[in-house]
Amino acid sequence: MKRVMLTVAYDGTNYCGWQIQPNGITIEEELNRHLSRLLREPVRVSGASRTDSGVHALGNLCVFDTETRIPAEKLCYAVNQSLPPDIVVQKSQEVPLDFHPRKWESAKTYEYTIYNRSLPNPVLRLYSYFVYRPLDVERMRRGAAFLVGEHDFQSFCSAGSQVETTVRTVHSLEVEQEGPVIRIRITGSGFLYNMVRIIAGTLLRVGSGFWEPEMVGEILEKQDRSAAGPTAPAKGLCLMGIQLKNPPFFPGKGIDTHGRM
């Protein structure tokens, strides 16, 4: 028996998120089906981040146990032969049997993409949120600064979420612009349900001029979901990667989901 960790990239457009559910096909379901067929044994992957319906990823992580003699590093090439083209395993590697990325100290990076122009771009329609109203990126940056650090993010968590605590740490939150494309890039130790999309919706209110940047700090203090902006659409969100801190298979070093150390 060995445990294998996969780094998985996917276009979430046609999937009901990561986790298996009865109302539609998911990334986890597809990986289970194709790995089980390849290895001729039941396979159940367990993911590090359960992305929502329509959300994309460049570097999600998952692990599974197997009896196969195929070298772990070769499994990505083998399973990619049968996976649909909108799911690609970027890397496969053997890890200790007791290792799980969800339980290991890590930092996740998400990016929310906005297309800000008077008319939409059909090429970007599946991977960005189109906003025709002009946005002030500098105002968005000033608002974003209030969210960096350790805070109670209850105002930025979907109502009814079952969590022990709504305190989270945001390591960095940047707003960058390249032509009509605006990207909100956030890195943190972990995120609440819909937290990044609610942050994006709130910063959009600031960038549109409806709210002052200082209101973001006030929203944070209120600890009330109704005080924050709307939840931005899922299609603009992408999990860029998960950086593991000093994993046991690379002692003394951190490693991100693309293998860079």
Side-chain angles (χ1 to χ4, degrees), residues 6-32 45-63 83-91 101-102 106-115 120-121 123-131 144 147 153 156-163 168 170 172-176 181-204 225 228-243 256-258:
L6 305 179
T7 300
V8 189
Y10 48 87
D11 177 340
T13 303
N14 296 320
Y15 298 93
C16 294
W18 172 272
Q19 192 172 14
I20 290 178
Q21 50 185 290
N23 64 336
I25 193 168
T26 66
I27 305 297
E28 183 179 35
E29 178 183 349
E30 283 292 276
L31 287 171
N32 287 345
V45 301
S46 180
S49 184
R50 298 168 181 171
T51 52
D52 296 334
S53 177
V55 174
H56 315 293
L58 290 180
N60 203 349
L61 296 177
C62 66
V63 293
L83 280 171
D86 51 6
I87 303 176
V88 178
V89 177
Q90 301 291 314
K91 184 176 183 179
R102 195 187 307 152
S106 65
K108 298 178 181 178
T109 298
Y110 282 90
E111 193 167 271
Y112 195 89
T113 302
I114 301 158
Y115 188 72
N121 183 336
V123 176
L124 300 179
R125 74 190 188 283
L126 300 179
Y127 311 106
S128 64
Y129 177 37
F130 168 62
V131 177
L147 302 177
F153 283 93
F156 297 89
C157 177
S158 287
S161 297
Q162 301 295 319
V163 290
R168 295 291 187 274
V170 171
S172 65
L173 178 50
E174 302 168 345
V175 184
E176 302 174 347
V181 177
I182 298 172
R183 293 185 175 89
I184 300 171
R185 190 179 182 91
I186 183 169
T187 298
S189 57
F191 297 95
L192 300 164
Y193 183 52
N194 281 341
M195 178 174 160
V196 179
R197 291 165 60 191
I198 296 170
I199 288 175
T202 301
L203 293 180
L204 281 168
R225 170 64 187 96
T231 304
K235 63 181 181 179
L237 186 62
C238 183
L239 172 59
M240 305 301 289
I242 302 173
Q243 185 174 16
D256 70 15
T257 53
H258 296 288

Point to revise | Arg225 and Thr231: side chain donor to acceptor below 3.5 Å | key: yes

Exercise for review: Before giving the answer on side-chain contact (heavy atoms from CB on, under 4.5 Å), spell out for Leu239 and Val55 the whole-Å C-alpha distance, their side-chain angles and the decisive distance to 0.1 Å.
Suggested key: CA-CA 8 Å; Leu239 172 59; Val55 174; 5.6 Å; no

Check your understanding: Between Thr109 and Arg185, does a side-chain contact (heavy atoms from CB on, under 4.5 Å) hold up when you go through it step by step?
Key -> CA-CA 7 Å; Thr109 298; Arg185 190 179 182 91; 3.8 Å; yes

Practice item. Please work out whether the ring planes of Phe191 and Tyr110 are parallel, tilted or perpendicular, with thresholds of 30° and 60°. Key: perpendicular

**Study point:** Straight-line distance of Arg168 CZ to Phe153 CZ, nearest 0.5 Å
**Key:** 10.0 Å

Check your understanding: Do you know which two heavy atoms are closest between Leu61 and Thr7, and how far apart they sit?
Key -> CD2-OG1, 3.5 Å

**Study point:** Closest non-hydrogen atom pair, Val8 against Cys62
**Key:** CG2-SG, 4.1 Å

Point to revise | Rounded distance (nearest 0.5 Å) linking atom CG of Asn194 with atom CD1 of Ile199 | key: 11.0 Å

Practice item. Might you confirm whether atom OH of Tyr129 has over 12 heavy atoms from other residues, nucleotides or ligands at distances under 6.0 Å? Key: no

Review point. Does the side-chain contact (heavy atoms from CB on, under 4.5 Å) test come out yes or no for Ile186 and Tyr112, once each step is laid out?
Key: CA-CA 8 Å; Ile186 183 169; Tyr112 195 89; over 6 Å; no

**Study point:** Spatial distance of atom NE2 (His56) from atom CD1 (Ile27) [nearest 0.5 Å]
**Key:** 10.5 Å

Exercise for review: Would you check if the side chain of Asp86 reaches a backbone N or O of Gly12 as a donor-acceptor pair within less than 3.5 Å?
Suggested key: no

Point to revise | Pairwise distance CG(Asn60) to CD1(Ile242) - rounded to 0.5 angstrom | key: 5.0 Å

Exercise for review: Please report the C-alpha distance between Asp52 and Leu237 in whole Å, then the side-chain angles of each, then the deciding distance to 0.1 Å, and finally whether the side-chain contact (heavy atoms from CB on, under 4.5 Å) criterion is met.
Suggested key: CA-CA 10 Å; Asp52 296 334; Leu237 186 62; over 6 Å; no

Revision key, fill the gap. In this structure, CZ of Arg183 is separated from CD1 of Ile114 (nearest 0.5 Å) by 10.5 Å

Review point. Hey, does the side chain of Glu28 reach the backbone of Ile20 with a donor-acceptor pair shorter than 3.5 angstrom?
Key: yes

Review point. Which atom names give the shortest non-hydrogen contact between Cys157 and Leu192, and what distance separates them?
Key: CB-CD1, 3.6 Å

Check your understanding: Minimum heavy-atom separation for Arg50 to Gln19, with atom names?
Key -> CD-OE1, 3.6 Å

Point to revise | Smallest separation among heavy atoms of Tyr15 and Pro84, with atom names | key: OH-CG, 3.4 Å

Practice item. Hey, could you give me the CD1/CD distance between Ile184 and Glu111, rounded to the nearest 0.5 Å? Key: 10.0 Å

Check your understanding: Has the side chain of Glu30 got a donor or acceptor atom that lies under 3.5 Å from a matching backbone atom of Ile87?
Key -> no

Review point. Taking side chain as C-beta onward, heavy atoms only, is Leu124 less than 4.5 Å from Phe130?
Key: no

**Study point:** Plane angle bin for Trp18 and Tyr10 - parallel if under 30°, tilted between 30 and 60°, otherwise perpendicular
**Key:** tilted

**Study point:** Student check: side-chain heavy atoms of Thr113 and Val181 closer than 4.5 Å
**Key:** yes

Check your understanding: Quick one: does Lys235's side chain have a donor or acceptor within less than 3.5 Å of a partner on Thr13's backbone?
Key -> no

Review point. What heavy-atom pair brings Arg102 and Ser46 nearest, and what distance separates the two atoms?
Key: NH2-OG, 3.3 Å

